[in-house]
Amino acid sequence: MTLRLYNTLTRSIEPFEPLRPPRVSLYTCGPTIYNYAHIGNFRTFLFEDLLRRWLEVSGYEVFHIMNLTDVDDRTIAAARKRGVSLREHVEPFAKAFFEDRNYLRIRPAHAYPRATEYVGPMIALTAALLDKGVAYRGDDGSIYFAIARFPAYGSLSRLDQRELKAGASERVSADEYAKEDARDFVLWKAARPDDEAVGAAWDAPFGRGRPGWHLECSAMALDLIKTMGVDVLDIHAGGVDLIFPHHEDEIAQSCAYTGKPDFARFWLHGEFLNVQGSKMSKREGNIFTARDLKDQGIDAGAVRFLLFGTHYQQKLDWNDDALAAASTGSVRLGRFRDRLVGAAQIDPGAEDPESVKVANQFRTRFADALNDNLNAPQALATIFEVLLPEGNRLLDERRAVGPALAGAWELVDCVLDIAPEARTVTIKVAADAVLVADSASATVRFGGAGRSEEAITEDGVLTTPPEVPPPDSEGAEQWARRWASIRATEKIRRNFPEADRIRGLLRSHGWEVQDAKDGSIQLRKLAGG
Ligand SMILES: [Zn+2]
């Protein structure tokens, strides 16, 4: 089964095939960096991350472009309000966006063009559209696109041609406008004092000014895909709110310029996210950002789990119950991962045929789900219907699991990335530790290179920590380190029953201890422990 995607352009699910396989050009409209991106924005970026990852797992070489809008109505207004330059205003928000992206484990795009760095191509595009007679100068000095000169206008948003209002007296200069305002839109805005004040004005042959928001994406996309030798994108994606006017205007400008029937062959749009049943808005006071979640200590695995639990074309409601359920699901997956990682053999020959069968069965169903227009909820269900119960059964039965089953899990990790982050603490204990312990006493003294800093008090006495860890996470980690060190000394003393007992004690409190070949100890915090 090959990948099939819903194309907004044709309103149907179509088999996806790029222009020049195995390469895929993917353009996704990025954030406007006048403020922090909210979770609704990130829902779109995560759906695009899923698309990108699935294309890559499917063998495509994706060239992913995501622009940063650093000049538009909103960035200029925000900079003006604070009395700073445009650059000074947007820079921290660009940095914040990358931090949030990393927190949410979104794969970095290959190019992050900023509008202000592509003013040259934007001027060239506007000049070309003027030459072709599809653009004109308005009496306000701005350059407008004449939608009446582009018969295909409205094809993406399916606007009725009668709704279009063409002509010099019917035009719109705002970056964002409603469907009722389907009229000539601005390509280049004549400079106003506010633009000059924040450093958002450039000289152009047709007058000093700045680009309109829609023009920015067309110019940057066309400039960057030139390196692939094409002028049509394979996929263009964004939120549903961008269909009109943003994407409609992008198509008009780009196709009028290239003369091609398409600007992108596939247009994909992600639905909105509601919060506690209502649309996110300033008025509702229910806008929150990725960093709010991070500050609350919410693992990105749970956020991804929640967002992928609803198909990208369906509205999603973010609420506390959904987040709690997603966290529980994510933690269950983490436990399974830790169990599997601890048990999986490296030798494929040693793997039980049953384990290979489960892995293959899972891979097929998982791939079918994602190939079916990125049906992530179905892919998630398959994990809980096949991989988790069958995998756990094999582990319970102490069957030999190996690379096939581990590979099935890796596929989940690679595509959905929804398990909690694994934390590993390495404790250095050299193999040549010399014990000077008195095993009869409650304390253990030891010296030589093997002394483990964490476990010994100042006078070189290794005291036994309590059997139960303290409740705080820092104290718990210290506790686990100390027990792991004691276990190491017990092993050196060849007191294996006690070493095993300590391993069990640590495991019962959510820590997995593993011995590395170099003599160090890997201490791994298990999910949910
Ligand atoms: Zn765009």
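Fair warning: this is a prediction, and the values are worked out from it, not measured in the lab. Atoms within each ligand, like the ligands themselves, are counted from 1 in listed order.
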Fill in: Note: R82-E88 ion pair, threshold 4.0 Å (strictly below)
no

Worksheet item: Atom CG of D194 and atom CZ of R80: how far apart are they, to the nearest 0.5 Å?
Response: 5.0 Å

Worksheet item: Can any side-chain N or O of T310 pair as donor or acceptor with the backbone N or O of L307 at less than 3.5 Å?
Response: no

Practice prompt. Find the distance between CG (D175) and OG1 (T69) and round it off to the nearest 0.5 Å.
Written response: 9.0 Å

Practice prompt. Could I get the full list of side-chain contact (heavy atoms from CB on, under 4.5 Å) partners for N102, not counting sequence neighbours?
Written response: none

Item to complete: Output, by chain and residue number, all protein N/O/S atoms separated from the Zn ion (ligand 1) by less than 2.8 Å.
Response: C29 SG, C217 SG, H246 NE2, E250 OE2

Worksheet item: Which heavy-atom pair separates A256 from K132 by the least distance, and what is that distance?
Response: O-CD, 3.3 Å

